[in-house]
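To start, the structure under review is shown below, and the notes come after it.
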Amino acid sequence: MAERHRIHPAVDVEAPLPSSSSAPSKPLQTQAAEKTDLLPPPPPPPKKRRSCCCRCLCWTVLTVVILVVIIGAIVGILYLAFDPKLPKYSVDRLAISNFTVDDNMTVSATFNLTVTTKNPNKKIGIYYRDGSHLSAWYTNTSLCTGTFPVFYQGHKNTTVLNLLLSGETQLGSGLLQELQQQQQTGTIPLVFRGNVPVKVKLGSLKLPKVTFKVKCDIIVNSLSSSNSISLKSTSCKFRLKL
């Protein structure tokens with residue numbers, strides 16, 4: 001019996017193999033990007049503390065500026081209302097009741113000073129308070145000290161004061177020799193200094209205590225108690241210390 005020939009179906013060798021998926025595969029980077037797009041957006045970063053500090057600093061600066069403007073306005077109004085003027089001082093006379101030098105070159109001095117003080121203000125009074133200090137100087141050496149009297153000086157007032165200064169100090173040999181030479185020429189420079197605490201009264205308002213600082217440069221012809229003392233020149237300066 002003749003063998004039957006099996007007939008096999010024709011197979012196309014060049015045909016592509018079937019794929020497990022009909023859609024073409026995507027690159028890994030594209031898939032990762034798609035997954036990232038699906039994630040929720042990150043929360044916003046917390047606000048920095050610096051912004052709060054800057055805001056506080058700005059408010060503080062603004063408050064200070066406003067206070068300065070208010071104080072400046074008040075001062076300006078008071079200045080226009082009271083028209084303040086500086087008091088004036090002058091040394092009118094110097095009398096020496098004692099000026100001796102012992103063997104140790106220690107000088108004992110007693111000065112009687114006549115000072116005129118003027119308050120030129122129409123609406124401002126001056127209370128001279130305790131704690132004042134006056135001194136008389138030759139070059140850089142204090143010869144004697146004293147105090148300013150306590151009193152009230154009213155508006156447009158001129159007061160003449162008699163001030164007593166006394167003390168002892170030791171001079172070096174060179175300074176004593178210089179003083180003796182100036183005594184012969186009749187030209188002796190002296191400086192009088194005063195630190196006087198006061199309270200200024202504006203109308204019925206008393207301001208806080210301040211200090212008047214007065215410096216008077218004078219030149220006298222002698223420092224002998226037996227001679228009459230004449231003032232050859234005198235000049236006073238005034239400044240206010242808060």
Side-chain angles (χ1 to χ4, degrees), residues 83-101 107-169 171 178-201 209-241:
D83 188 21
K85 297 180 177 63
L86 296 177
K88 298 179 180 180
Y89 302 90
S90 63
V91 177
D92 302 324
R93 179 175 177 270
L94 174 64
I96 297 178
S97 57
N98 178 38
F99 194 86
T100 57
V101 183
V107 176
S108 299
T110 303
F111 291 174
N112 296 281
L113 201 63
T114 302
V115 174
T116 299
T117 172
K118 297 180 180 180
N119 176 15
N121 295 282
K122 296 180 180 180
K123 301 178 182 180
I124 299 176
I126 303 173
Y127 289 92
Y128 290 90
R129 313 297 292 177
D130 289 322
S132 62
H133 183 266
L134 306 177
S135 56
W137 295 73
Y138 173 72
T139 62
N140 293 322
T141 303
S142 176
L143 299 176
C144 48
T145 60
T147 58
F148 207 80
V150 177
F151 71 102
Y152 171 73
Q153 188 172 30
H155 311 152
K156 304 288 290 184
N157 176 266
T158 298
T159 303
V160 178
L161 304 172
N162 294 316
L163 308 176
L164 178 65
L165 289 78
S166 61
E168 292 184 354
T169 187
L171 298 178
E178 180 183 357
L179 177 60
Q180 291 172 347
Q181 291 175 354
Q182 292 175 339
Q183 184 96 336
Q184 294 176 357
T185 60
T187 305
I188 303 173
L190 297 176
V191 178
F192 289 92
R193 302 178 187 271
N195 295 333
V196 185
V198 301
K199 279 192 174 183
V200 177
K201 183 180 180 182
K209 186 185 294 185
V210 295
T211 300
F212 284 177
K213 299 180 74 68
V214 182
K215 177 185 176 184
C216 294
D217 297 300
I218 69 173
I219 296 178
V220 298
N221 64 329
S222 175
L223 288 180
S224 174
S225 58
S226 59
N227 298 334
S228 60
I229 308 301
S230 62
L231 301 179
K232 304 184 75 172
S233 69
T234 176
S235 175
C236 293
K237 298 178 180 179
F238 170 87
R239 66 187 181 93
L240 182 65
K241 180 180 179 182

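Only this structure's heavy atoms are used, side chains among them; waters, hydrogens and symmetry mates stay out. Small disclaimer: the values here were computed from a predicted structure and weren't measured. Sequential numbering from 1 along the given sequence is applied to the chain's residues.
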For Lys122 and His155: C-alpha separation, side-chain torsions, deciding distance, then whether side-chain contact (heavy atoms from CB on, under 4.5 Å) applies.
CA-CA 5 Å; Lys122 296 180 180 180; His155 311 152; 5.6 Å; no
For side-chain contact (heavy atoms from CB on, under 4.5 Å), just list the numbers for Asn112 and Leu94, CA-CA rounded to whole Å, side-chain angles, deciding distance to a tenth of an Å, and then say yes or no.
CA-CA 6 Å; Asn112 296 281; Leu94 174 64; over 6 Å; no
Decide side-chain contact (heavy atoms from CB on, under 4.5 Å) for Tyr127 and Lys201; before the verdict, give the C-alpha distance in whole Å, the side-chain angles of both, and the deciding distance to 0.1 Å.
CA-CA 8 Å; Tyr127 289 92; Lys201 183 180 180 182; 3.8 Å; yes
Before you tell me yes or no, could you show the steps for Leu240 and Phe212 under side-chain contact (heavy atoms from CB on, under 4.5 Å), namely the whole-Å CA-CA distance, both residues' side-chain angles and the distance that decides it to 0.1 Å?
CA-CA 5 Å; Leu240 182 65; Phe212 284 177; 3.4 Å; yes
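No side-chain donor-acceptor contact under 3.5 Å links Lys85 and Asn121. One side chain, Asp92 or Ser90, offers a donor N or O that lies under 3.5 Å from an acceptor on the other. A donor and an acceptor atom, one from each side chain of Ser135 and Trp137, are located under 3.5 Å apart.
The side-chain contact (heavy atoms from CB on, under 4.5 Å) search around Phe151 returns Thr117, Tyr128, Phe148, Pro149, Gln153, Thr159, Leu161, not counting sequence neighbours. Residues that satisfy the salt bridge (Lys or Arg N to Asp or Glu O under 4.0 Å) test with Lys232, not counting sequence neighbours, are absent from this structure.
Asn119 places a side-chain N or O within donor-acceptor distance of the main-chain N or O of Ile124, the cut-off being under 3.5 Å. Ser222 contributes a side-chain N or O that, together with a main-chain N or O of Ser224, makes up a donor-acceptor pair within less than 3.5 Å. In terms of modelled atom types and a separation under 3.5 Å, the side chain of Asn221 and the main chain of Ser230 share a donor-acceptor contact.
Interatomic distance, Tyr89 OH to Thr234 OG1, rounded to the nearest 0.5 Å: 14.5 Å. To the nearest 0.5 Å, atoms CG (Leu165) and CG (Leu134) are separated by 5.5 Å. Within the model, atoms CG of Asp130 and OG1 of Thr147 stand 9.0 Å from one another, a figure rounded to the nearest 0.5 Å. The CG atom of Leu179 lies 10.5 Å from the CD atom of Gln184; values are rounded to the nearest 0.5 Å. Note: Ile219 CD1 to Gln182 CD = 9.5 Å, rounded to the nearest 0.5 Å. Rounded to the nearest 0.5 Å, atoms CD1 (Ile188) and CD (Gln183) are 4.0 Å apart.
Using cut-offs of 30° and 60° for the angle between ring planes, the Phe111 and Phe99 rings count as parallel.
Taking every heavy atom of both residues into account, Ser166 and Cys144 meet most closely at C-CB, 3.2 Å. Residues Pro87 and Pro120 come closest through the heavy atom pair CA-CD, 4.0 Å. When every heavy atom of Arg129 is checked against every heavy atom of Lys199, the shortest pair comes out as CG-N, 4.1 Å. The shortest non-hydrogen separation linking Ser142 to Thr145 is OG-CG2, 4.0 Å.
Side-chain atoms of Arg193 and Val191, non-hydrogen and from C-beta on, do get closer than 4.5 Å to each other. Between Asn162 and Leu113 the shortest side-chain heavy-atom distance does not fall below 4.5 Å. Using a 4.5 Å cut-off on side-chain heavy atoms (C-beta onward), Ile96 and Leu223 make contact. Using a 4.5 Å heavy-atom threshold, the side chains of Ser235 and Cys216 count as separate. Looking at Val160 and Thr114, their side chains come closer than 4.5 Å, going by heavy atoms from C-beta outward.
With Cys236 as the partner, the side-chain contact (heavy atoms from CB on, under 4.5 Å) test is satisfied by one option alone out of Asp217, Val91, Thr116: Val91. Between Thr110 and the choices Leu164, Thr100, Leu143, the side-chain contact (heavy atoms from CB on, under 4.5 Å) rule is met once, by Leu164.
Other residues, nucleotides and ligands place no more than 12 heavy atoms under 6.0 Å from the NZ atom of Lys88.
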